[in-house]
Amino acid sequence: QLQLVESGGGLVQPGGSLRLSCVASGFSLNTYNMGWFRQVPGKEREGVSCVSSSGRGTIYADSVKGRFTISRDVAKNTVYLQMDSLKPEDTAVYYCAANVLMLGSCLGGGAWGKGTLVTVSS
């Protein structure tokens, strides 16, 4: 059974950093493109970053380029999102997704975690 479990969210001051983790089970990271999405209540879900099943391709939303870094550890079957220089507008629930469609941007996935809340505030 495919499962995704996120962790690492929390409260951080503007300019701070957080690292989100997504532990996958039931499949290998080499099988699917993986991604991080975020959503604020009342707004559409946004594709933040995604990485191809080979690990060689990555995509970032313009709003996070140069500040966020996606990576993965195949041995641990875990995908990470390192978030630096955080801004209040980064506040959202962040979701991990598997089987992400990568077409110039991250366009949703076939399986989702339950999300982890990131709050950027002083």
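Residues Gly57 and Met102 share a closest heavy-atom pair of O-CE, 3.9 Å. In this structure, Ala61 and Glu46 approach most closely via the heavy-atom pair CB-OE2, 4.0 Å. Scanning all heavy atoms of the two residues, the minimum distance from Ala97 to Gly109 falls at CB-CA, 4.3 Å. Of all non-hydrogen atoms in Ser49 and Cys106, the two that sit nearest each other are C-SG, 3.4 Å. The minimum heavy-atom distance linking Ile59 with Leu103 is given by the pair CD1-N, 4.5 Å. Taking every heavy atom of both residues into account, Ser122 and Pro14 meet most closely at N-CD, 3.7 Å.
Phe68 has its ring centre no less than 6.0 Å from the ring centre of Tyr60.
More than 12 heavy-atom neighbours from other residues, nucleotides or ligands sit within 6.0 angstrom of OH on Tyr80.
When the side chains of ILVMFWY residues are joined at heavy-atom separations under 4.5 Å, either directly or via intervening members, Leu29 and Ile70 end up in a single hydrophobic cluster. Under a hydrophobic clustering in which Ile, Leu, Val, Met, Phe, Trp and Tyr are joined whenever their side-chain heavy atoms come within less than 4.5 Å, directly or via other members, Leu107 and Leu81 fall into different clusters. Side-chain heavy atoms closer than 4.5 Å link hydrophobic residues (I, L, V, M, F, W, Y) into clusters, and following such links, possibly through other members, connects Trp36 to Leu2. A continuous path of Ile, Leu, Val, Met, Phe, Trp and Tyr side chains, each step under 4.5 Å between heavy atoms, connects Tyr94 with Leu18, placing both in one hydrophobic cluster.
Here the straight-line distance linking atom SG of Cys22 with atom CE of Met34 works out to 4.5 Å at 0.5 Å rounding. Expressed to the nearest 0.5 Å, how far CD of Glu44 lies from CZ of Arg38 amounts to 14.0 Å. Rounding to the nearest 0.5 Å places CD of Gln82 at 9.0 Å from CG of Leu20. In this structure, OG1 in Thr78 is found 10.5 Å from CG in Leu4, a value given to the nearest 0.5 Å. Atoms OH and CZ, from Tyr95 and Phe37 in turn, are 12.5 Å apart once rounded to the nearest 0.5 Å.
Screening Asp62, Asp90, Asp84 for a salt bridge (Lys or Arg N to Asp or Glu O under 4.0 Å) involving Arg67 leaves a single residue, Asp90.
When atom types are taken as modelled, the side chain of Asn33 and the backbone of Val100 share a donor-acceptor pair closer than 3.5 angstrom. Between the Asn77 side chain and the Ala24 main chain, a donor and an acceptor come within less than 3.5 Å of each other. Judged by distance alone, the side chain of Glu6 and the main-chain N or O of Lys114 form a donor-acceptor pair under 3.5 Å. For the pair Arg72 (side chain) and Ser53 (backbone), a donor-acceptor distance under 3.5 Å is present.
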Item to check | Step-by-step side-chain contact (heavy atoms from CB on, under 4.5 Å) determination, Phe27 to Gln1 | outcome: CA-CA 8 Å; Phe27 69 101; Gln1 182 178 356; over 6 Å; no
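No side-chain donor-acceptor contact under 3.5 Å links Thr119 and Ser121.
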